[in-house]
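Below is one structure, written out as structure tokens; comments come after it.
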Amino acid sequence: MQSKDHIFAAPIAQLGDFCFDQNVAEVFPDMIKRSVPGYSNIISAIGMMTTRFAQPDSQLYDLGCSLGAATQEMRRNLTQPGCRIIAVDNSAAMLERAASHLAAFKSDVPVTLTEADLCDIEIDNASVVVLNFTLQFIDPDKREALLSKIYRGLKPGGVLILSEKFISADETVNELLIDLHHDFKRANGYSELEISQKRTALENVMRPDTPELHKTRLKRVGFQHVDLWFQCFNFGSMVAIK
Ligand SMILES: Nc1ncnc2c1ncn2[C@@H]1O[C@H](C[S@+](CC[C@H]([NH3+])C(=O)[O-])CC(=O)[O-])[C@@H](O)[C@H]1O
Ligand SMILES: O=C(O)C(=O)Cc1ccccc1
């Protein structure tokens, strides 16, 4: 049985910053499905891109893996021999549950779960790197260094799939996309209170960039081919090829 997300359902007197603790890990599959438009389409496409971009005897990275949804989809779609998936998160609660979720599926592909800050890990011999809604939680001043490290760790022809919440440079469109996202959450059963409390809790921890900034930065660190391949409201996914 999967637990339903009621984290922001009751009024919270002293609303702290959102964090990926045990309570969030417990309800995470329900939370992400009801909160992120296009999430399941993006997970499927990560599998499809794995089939295309994985190179024999290389490493695949799932950075900010949470419960390992992208890891599982990569593992299921991996056809090349000699590969290994490295799934990294800095939340112990998430990794604990990721281990049991992944153990529920049979697979010959080795997966290493690593508890670490993405800013401290090494990336090497990589053919596929996934940042699925994770870069938005990294300190904005550290984003370019992280992307540069990923670029250097990728093999020629390797791919980075970068999914994010976006802001729009046009204020009117920005407000429209935020409103449409709130409509999406309402349609998925979240109340006004849940929507507004979560919005406040996320303010200091999730700092989205514009798609234009993402594209310029990916090119600046060296990626030759960069574009958006999916967008639904203010959520989307980019592909960057070395
Ligand atoms: N500095 C950091 N170092 C490592 N992990 C971090 C850091 N900051 C945040 N995280 C981790 O990044 C994940 C972001 S969720 C990713 C969903 C997943 N990719 C999915 O495809 O289901 C997205 C969301 O909840 O919107 C959380 O598990 C954090 O613990
Ligand atoms: O719920 C929201 O409003 C979001 O922006 C997405 C989200 C989903 C899961 C954890 C944190 C943020």
Side-chain angles (χ1 to χ4, degrees), residues 5 7-8 17-47 50 60-75 85-98 101-102 113-121 123 129-143 145-146 149-150 161-167 177-186 188-208 232-237:
D5 168 23
I7 291 188
F8 296 100
D17 284 346
F18 184 86
C19 69
F20 293 96
D21 57 14
Q22 281 219 25
N23 297 331
V24 167
E26 175 69 28
V27 301
F28 193 71
D30 179 63
M31 172 184 278
I32 198 140
K33 197 176 65 212
R34 289 165 67 214
S35 307
V36 176
Y39 176 75
S40 61
N41 302 69
I42 293 171
I43 292 289
S44 303
I46 287 170
T50 297
L60 290 78
Y61 289 84
D62 181 5
L63 304 180
C65 62
S66 299
L67 302 188
T71 292
Q72 174 53 22
E73 199 63 9
M74 289 198 273
R75 191 163 72 150
I85 302 176
I86 299 164
V88 185
D89 207 290
N90 66 353
S91 157
M94 286 288 193
L95 281 181
E96 237 168 67
R97 285 169 175 79
H101 275 235
L102 291 165
L113 293 172
T114 307
E115 188 182 332
D117 190 308
L118 298 185
C119 298
D120 301 330
I121 62 161
I123 310 248
V129 177
V130 169
L131 274 170
N132 205 36
F133 301 104
T134 304
L135 193 65
Q136 59 203 15
F137 294 105
I138 303 288
D139 177 346
D141 294 338
K142 296 182 177 166
R143 292 179 190 178
L146 173 58
K149 176 170 74 179
I150 292 171
I161 302 151
L162 172 64
S163 313
E164 289 276 288
K165 187 177 197 171
F166 296 132
I167 49 170
L177 299 186
I178 290 171
D179 278 356
L180 288 167
H181 175 231
H182 292 166
D183 288 346
F184 171 88
K185 291 185 75 162
R186 249 172 241 124
N188 286 329
Y190 285 116
S191 68
E192 297 309 318
L193 181 66
E194 284 178 293
I195 293 171
S196 79
Q197 290 196 131
K198 182 154 181 205
R199 187 183 193 178
T200 305
L202 280 172
E203 246 153 39
N204 296 324
V205 283
M206 184 199 251
R207 274 154 294 182
C232 183
F233 310 139
N234 48 344
F235 289 79
S237 189

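Just so you know, ligand 1 is whichever comes first in the structure, and atom 1 is the first atom listed for that ligand. Nothing fancy with the numbering, it's 1 onward along the sequence.
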Give me the pairs of N or O atoms, one from ligand 2 and one from the protein, that sit under 3.5 Å apart.
{"residue": "ligand 2", "atom": "1 (O)", "partner": "Lys185", "partner atom": "NZ", "Å": "2.7"}
{"residue": "ligand 2", "atom": "1 (O)", "partner": "Lys198", "partner atom": "NZ", "Å": "2.8"}
{"residue": "ligand 2", "atom": "3 (O)", "partner": "Lys185", "partner atom": "NZ", "Å": "2.8"}
{"residue": "ligand 2", "atom": "5 (O)", "partner": "Lys165", "partner atom": "NZ", "Å": "2.7"}

Tell me, which protein residue and heavy-atom name are nearest atom 17 (C) of ligand 1, and how many Å apart are they?
Ser66 OG, 3.3 Å
In ligand 1, the atoms that come under 4.0 Å of a heavy atom of Ser91 are 30 (O)
I need the nearest protein heavy-atom contact for atom 21 (O) of ligand 1: residue, atom name and distance, please.
Asn132 ND2, 2.9 Å
Hey, is Thr134 one of the residues with a heavy atom under 4.0 angstrom from ligand 1?
yes
Is any N or O atom of Asp62, backbone or side chain, closer than 3.5 Å to an N or O atom of ligand 1?
no
Using modelled atom types only, decide if a donor and an acceptor are shared between the side chain of Arg143 and the backbone of Leu135 within a distance under 3.5 Å.
yes
Per side chain to side chain contact (heavy atoms under 4.5 Å, CB included), Leu60 is matched among Ile86, Ile85, Val129 by Ile85
Rounded to the nearest 0.5 Å, how far does CD1 of Ile7 lie from CG of Asp21?
6.5 Å
Report the distance from atom CZ of Arg186 to atom CZ of Arg34, rounding to the nearest 0.5 Å.
13.5 Å
Name the orientation class of the two ring planes belonging to Phe20 and Phe18 (parallel below 30°, tilted from 30 to 60°, perpendicular beyond 60°).
perpendicular
List the steps and the verdict of side-chain contact (heavy atoms from CB on, under 4.5 Å) for Val130 and Thr50.
CA-CA 10 Å; Val130 169; Thr50 297; 6.0 Å; no
Pairs of nitrogen or oxygen atoms closer than 3.5 Å, one from Ile43 and one from ligand 1: do any exist?
no
Nearest 0.5 angstrom please: His182 NE2 to Asn234 CG, how far?
7.5 Å
Short side-chain to backbone donor-acceptor contact, Thr134 and Leu63, under 3.5 Å
yes
Looking only at distances, can you tell me whether any N or O atom of Ala69, backbone or side chain, sits closer than 3.5 Å to an N or O atom of ligand 1?
no
Write out the residue and atom name of the closest protein heavy atom to atom 30 (O) of ligand 1, then the distance separating them to 0.1 Å.
Asp89 OD1, 2.6 Å
Between Glu164 (side chain only) and Gln136 (backbone N and O only), is there a donor and an acceptor less than 3.5 Å apart?
yes
Quick check: closest heavy atoms across Ala98 and Ser66, and the distance to 0.1 Å?
CB-O, 3.4 Å
May I ask you to identify the nearest protein heavy atom to atom 18 (C) of ligand 1, giving residue, atom name and distance to one decimal place in Å?
Gly64 O, 3.4 Å
Which of the atoms of ligand 1 are close to Met94, meaning less than 4.0 Å from one of its heavy atoms?
28 (O)
Under 3.5 Å, side-chain donor or acceptor atoms of residues 38-45 against the rest of the protein: list the pairs with distances, not counting sequence neighbours.
{"residue": "Ser44", "atom": "OG", "partner": "Ser40", "partner atom": "O", "Å": "3.1"}

Check if Ala116 has a non-hydrogen atom at a distance under 4.0 Å from any atom of ligand 1.
yes
For atom 9 (C) of ligand 1, the closest protein heavy atom turns out to be Phe137 CB, 3.9 Å
Are the side chain of Arg75 and the backbone N or O of Leu102 linked by a donor-acceptor pair below 3.5 Å?
yes
Shortest protein contact, atom 2 (C) of ligand 1 (heavy atom only)
Asn90 ND2, 3.3 Å
Within reach of ligand 1, part of Gln136 (heavy-atom separation under 4.0 Å):
side chain
At what distance is the nearest protein heavy atom to atom 22 (O) of ligand 1, and which residue and atom is it?
Tyr39 OH, 2.5 Å
Audit row: Met31, Tyr190, side-chain contact (heavy atoms from CB on, under 4.5 Å) steps and yes/no
CA-CA 10 Å; Met31 172 184 278; Tyr190 285 116; 4.2 Å; yes
Does the pair Asp62 and Asp89 meet the rule for a side-chain contact (heavy atoms from CB on, under 4.5 Å), with working shown?
CA-CA 9 Å; Asp62 181 5; Asp89 207 290; over 6 Å; no
For ligand 1, the portion of Phe20 having any non-hydrogen atom under 4.0 Å away:
side chain
Heavy atom under 4.0 Å from ligand 1: found in Ile138's side chain, backbone, both, or neither?
side chain
Distance check, rounded to the nearest 0.5 Å: Glu26 atom CD versus Asp5 atom CG?
11.0 Å
Among all protein heavy atoms, pick out the one at the shortest distance from atom 23 (C) of ligand 1; state its residue, atom name and that distance to 0.1 Å.
Phe133 O, 2.9 Å
Residue-level breakdown please: for Ser35 versus ligand 1, do any non-hydrogen atoms fall below 4.0 Å on the side chain, on the backbone, on both, or on neither?
neither
